[in-house]
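Take a look at the structure set out below.
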Amino acid sequence: MKKLIDMITQEVKIAFIACGYTEKYGAVSLSNRPDLCQYQCNGAMAAAKQYKKAPIMIANEVVAKLEDYTMFKEIVAVAPGFINIKVSEEYLADYINDMAKEENFGFEKAENPKTIVIDYGGPNVAKPLHVGHLRSAVIGESVKRISRFAGHNVIGDVHLGDWGLQMGLIITELKKRQPELVYFDESFEGEYPEEAPFTISELEEIYPYANAYSKEHPEFKEEAKNATFELQSGKSGYVALWNHILNVSVTDLKKNYDKLNVSFDLWKKESDAQGYIPGMVDYLKNGGYAHISEGALVVDVKEETDTKEIPPCMILKSDGATLYNTTDLATIVERAELFNPDVITYVVDKRQELYFEQVFRCAKKTNLVGEHVKLTFLGFGTMNGKDGKPFKTRDGGVMRLENLISEITTAVYDKIMSNRDMQEEEAKEIANKVGIAAIKYGDLSNQASKDYIFDVERFTSFEGDTGPYILYTIVRIKSILNKYKEVTGVDTIATSKMLPATGESETALMLELTKFSDTITTAFAENAPHRVCQYIYDLSNAFNKFYHENKIIANEDEKVRASWIQLITLTCNVLNTCIELLGIEAPDRM
RNA sequence: GCACUUGUAGCUCAGUUGGAUAGAGCAUAGGCCUCCGACGCCUAGGGUCGCAGGUUCGAAUCCUGUUAGGUGCACCA
């Protein structure tokens, strides 16, 4: 189904052509002056120069061609050359009725679906999720859902950090604490136990301890490095331990991501890419791409046009060991081989931009991926506290994601209990949904690339541009619909059509609904969930205004009543679809 | 030092390919419940869009310079 604005544009363009002007001047945009009109065309002013004619004359000519169209309620030329447009109520109602009938409210899915791999989440094994992991998860999840809704074949990959010194540290520390474990018995040849010799909380304590200890004790660090090497060489006891660490970690991570309503199609790990490294390194060497610089194997990635110095992309350290770059490049190779993607999007902290620029350039320059593959860096800003500095706990430590979530949900729970008479059990469930919405909406409503201030007070507020306000609006509509069913005994799935709007707020609500497809299109094109947030906020406002101006259930005219029920049902459905794209769920009551 | 990035109301943020009087929310001051959820709606005040030039009929938006904050600059990830 064509977008309303495109249908208008089409007519205006035809009129421009009919008057002898170039089509491009007929571009129509949303009005900046809602008090004057709904849509506007500014092309006459741009055309004035080319045709050496007063803009208002051009505008008048064009308007004369369109005046009689039933599509328009009003189309006028205004000095110095604006064309102001209002759509007729009948036309708008027809459009809205079609929207309600169509799948996805008439949004047209991509004709040529692309395969898109989204790399987000990026947790490390044996380390708890902390606030630093929040944005990647929340933004990545939403971008994934939006892309999928837009009709693409999307693969969300968590890209687990399971490689490197951290594993050696844990193993070495474990050996120090429990040397009697069979994993350390060199002569052991049987089956290792299925049960892990530690719990997740023990694991989470071991890693930071070992990490700190290694900084003070070089000999311990040396041992850990050695253990890492032995693990990577396949020492069976260590591999068995590593599997335990992975399993215990992943189970816990899944639990936590689940709370956030975040899920991944793939649980690929850095270690999975290791197998691709030797071949890739050989390829880079033999292809003449890589050379030795200061003892390390590097690929130059600077370009003539650079205004800044871009350091070469390092493939192997001077001691011959691999590093993050190596793994990331190998992962690109792995993904290209497994999925043949058109796009790979990385949802990571924006501080890694230069680094990824190097990796992307290296991959392209050396043809590790084809020309057609688009490597996208979607960098997000820092989540700051109210003081504008990176978010910390009260005593200055790193805040665990779990704690952040429970802090928010208790705040919401208290609010619900003080306002509503509700069973504890139900209130808790609702508080979970509302709390998650508060966190996610608070994050997603900002442009991803900017830093933002995480303000518990503001995000959990039920007023203003917040997650809870959006949910409140949805719950309110649901409540009206239930009441309607109660009063009339009629199910809300009415067959009647929506009638042309009779009031301003009704027209405004309908117009807002027509913008659904435009919103999805832009949100996808820009990888920008905040577009969706903005839209549902506007839509919620439009609904609330309409609600206040009209008595829906009490209306005597049965046809109007049915029409309005249809209208708010559609509003509710659109809102629900949108919050789903943000990874948010609405409760039935709150 | 070099580079990237951000600067919009007291605070937190939007701002469509350059368009008309720069928008929201919070906070502040008022008004609206015998009526579908007042966690709502309406009204008011609040701005040199960091600063200075330039391009343009027209600039928060494009260009140049400048200033303030944030960030990054090969063997960490």
Side-chain angles (χ1 to χ4, degrees), chain A residues 24 27 29-33 35-37 40 42 45-46 48-49 55 78-82 84 122 124 161 163-166 270 293-298 306-319 321 323-325 327-328 348-355 357-358 379 381-382 384 386 388-389 415-416 419-420 442 445-447 449-453 455 457-459 461-466 468-469 471-473 475-484 486-487 505 518 522 526 530-531 533-534 537-538 541 544-545 547-555 564 568 589-590:
Chain A
K24 68 171 180 186
S29 60
L30 275 177
S31 165
N32 298 308
R33 291 287 304 272
D35 51 320
L36 298 177
C37 57
Q40 63 183 19
N42 305 327
M45 286 175 289
K49 191 180 262 174
V78 180
F82 294 102
N84 290 350
N124 291 307
W163 210 237
L165 187 61
Q166 50 176 340
E270 286 176 359
S293 166
E294 295 174 34
L297 187 70
V298 302
D306 285 340
T307 53
K308 58 180 169 180
E309 192 64 30
I310 300 231
C313 182
M314 188 176 294
I315 308 298
L316 292 175
K317 297 198 277 190
S318 49
D319 64 359
L323 68 168
Y324 196 48
N325 304 39
T327 303
D328 262 325
V348 271
D349 193 305
K350 70 177 174 190
R351 280 175 290 196
Q352 296 191 30
E353 182 156 20
L354 177 61
Y355 163 74
E357 177 71 30
Q358 290 174 279
T382 312
N384 289 328
K386 269 172 126 170
K389 296 197 183 113
K415 228 167 254 189
I416 292 173
N419 286 320
R420 291 265 188 277
S445 56
N446 294 293
Q447 286 182 42
S449 64
K450 289 193 183 175
D451 294 350
Y452 80 108
I453 292 184
D455 183 341
E457 279 285 304
R458 193 161 68 81
F459 290 176
S461 165
F462 285 46
E463 294 157 40
D465 190 7
T466 66
Y469 167 77
L471 295 190
Y472 172 75
T473 305
V475 167
R476 195 183 206 185
I477 300 175
K478 282 186 184 172
S479 163
I480 299 168
L481 293 176
N482 283 333
K483 194 97 182 185
Y484 176 76
E486 234 172 72
V487 172
S505 63
D518 305 81
T522 339
E526 297 174 4
H530 84 277
R531 296 280 185 182
C533 292
Q534 216 176 333
Y537 182 59
D538 289 343
N541 281 334
N544 278 317
K545 204 168 283 190
Y547 166 85
H548 271 274
E549 277 183 22
N550 302 287
K551 290 197 182 92
I552 300 167
I553 293 175
N555 195 297
W564 284 351
I568 68 169
R589 307 203 292 150
M590 64 188 274

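Quick caveat: nothing in here was measured; it's all calculated off a predicted structure. Reminder, nothing fancy here: chain letters follow the sequence lines and each chain counts from 1.
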| request: May I have the distance from A/Asp465 (atom CG) to B/rG23 (atom C1'), rounded to whole angstrom? | output: 12 Å
| request: Sticking with atom C1', work out how far B/rG30 lies from B/rC49, rounded to a whole angstrom. | output: 29 Å
| With both distances under 3.5 angstrom, what nucleotide forms a Watson-Crick or G-U wobble pair with B/rC33? | none
| Heavy-atom protein contacts under 4.0 Å, nucleotides 68-77 of chain B, coded B base, S sugar-phosphate only, - none | --SSS-BBSB
| task | Using the C1' atoms only, state how far B/rG19 lies from B/rU56, rounded to an integer number of Å. | result | 12 Å
| query | Say you pick atom C1' in B/rU66 and the same atom in B/rG7; how far apart are they, in whole Å? | reply | 14 Å
| Quick one: A/Arg458 CZ to B/rC11 P, roughly how many Å, whole number? | 13 Å
| request: Have a look at A/Val487 and say if it touches a base, only the backbone sugar-phosphate, or nothing, with a 4.0 Å heavy-atom cut-off. | output: nothing
| message | Given B/rA20, B/rC36, B/rA14, identify the nucleotide with an atom nearest to the side chain of A/Ile553. | response | B/rC36
| Does a distance-only test, which skips hydrogens and angles, find a donor-acceptor pair under 3.5 Å between the side chain of A/Asp538 and the base of B/rA14? | no
| request: Determine whether any donor atom in the side chain of A/Gln40 lies under 3.5 Å from an acceptor atom in the base of B/rA20, or the reverse, and answer yes or no. | output: yes
| B/rG23 and B/rA60: how far apart are their P atoms, nearest whole angstrom? | 12 Å
| request: Figure out the OH/P separation between A/Tyr452 and B/rG7, and round it to whole Å. | output: 18 Å
| field | Pair assignment for B/rC73, Watson-Crick or G-U wobble, requiring both distances under 3.5 Å | value | B/rG1
| query | For the side chain of A/Lys545 and the backbone of A/Ser505, is there at least one donor-acceptor N/O pair under 3.5 Å apart? | reply | no
Anything under 3.5 Å between a protein N or O and an N or O of nucleotides 54-59 of chain B, put it in a table, one pair a line.
none

| field | Between B/rG50 and B/rA22 - P atom distance, rounded Å | value | 15 Å
| request: Syn or anti for B/rC33, please, going by whether the chi angle lies within 90° of 0. | output: syn
| message | Which heavy atom of A/Ile315 sits nearest to which heavy atom of A/Leu323, and what is that distance? | response | O-CD2, 3.5 Å
| query | When you check every protein heavy atom under 4.0 Å of nucleotides 40-47 of chain B, what one-letter string (B, S, -) results, 5' to 3'? | reply | BSS-----
| note | For A/Pro468 and A/Phe459 the tightest heavy-atom approach is CD-O, 3.5 Å
| remark: Here the distance between atom C1' of B/rU12 and atom NZ of A/Lys450, to the nearest Å, is 12 Å
| task | Classify the angle between the aromatic ring planes of A/Tyr324 and A/Tyr355 as parallel (below 30°), tilted (30 to 60°) or perpendicular (above 60°). | result | parallel
| task | Evaluate the criterion side chain to side chain donor-acceptor pair (under 3.5 Å) for residue pair A/Asn544 and A/Arg476; output intermediate values, then yes/no. | result | CA-CA 9 Å; A/Asn544 278 317; A/Arg476 195 183 206 185; 2.5 Å; yes
| request: Would you mind classifying the nucleic acid contact of A/Asp328 as base, sugar-phosphate or nothing, using non-hydrogen atoms under 4.0 angstrom? | output: nothing
| said: If I take atom CG in residue A/Leu30 and atom C1' in nucleotide B/rA20, what distance separates them, rounded to the nearest angstrom? | reply: 16 Å
| request: Rounded to the nearest angstrom, tell me the gap between atom CG in A/Asn32 and atom P in B/rA14. | output: 19 Å
| Can you tell me how far P in B/rG58 sits from the matching atom in B/rG18, rounded to whole Å? | 16 Å
| Rounded to whole angstrom units, what separation is found between the CD atom of A/Gln534 and the C1' atom of B/rC13? | 10 Å
| said: How close do A/Met45 and A/Gly81 get, counting heavy atoms only, and between which atoms? | reply: CG-CA, 4.0 Å
| Does B/rG19 have A/Phe82 stacked on its base, where the ring centres are within less than 5.5 Å and the planes differ by under 30°? | no
| task | Name the pairing partner of B/rG10, where a pair is Watson-Crick or G-U wobble with both distances under 3.5 Å, or state none. | result | B/rC26
| query | Considering only heavy atoms from C-beta outward, does the side chain of A/Tyr452 approach that of A/Gln447 to under 4.5 Å? | reply | no
| query | Expressed as a whole number of Å, how far does the P atom of B/rA9 sit from that of B/rA52? | reply | 16 Å
| task | Using the P atom as the reference point in each nucleotide, state the distance between B/rC42 and B/rU61 in Å, no decimals. | result | 31 Å
| request: Would you indicate what A/Lys551 reaches in the nucleic acid, counting non-hydrogen atoms under 4.0 angstrom: base, sugar-phosphate, or nothing? | output: base
| Atom pair NZ/CD1 of A/Lys478 and A/Ile568 - distance to nearest 0.5 Å | 13.0 Å
| message | Any strand counts, and the cut-off is 3.5 Å on both contacts for Watson-Crick or G-U wobble. Which nucleotide pairs with B/rU21? | response | none
| query | For A/Lys24 and B/rU17, what is the distance between atoms NZ and P respectively, to the nearest whole Å? | reply | 16 Å
| said: What's A/Ile552 touching, base or sugar-phosphate or nothing? Going by heavy atoms closer than 4.0 Å. | reply: base
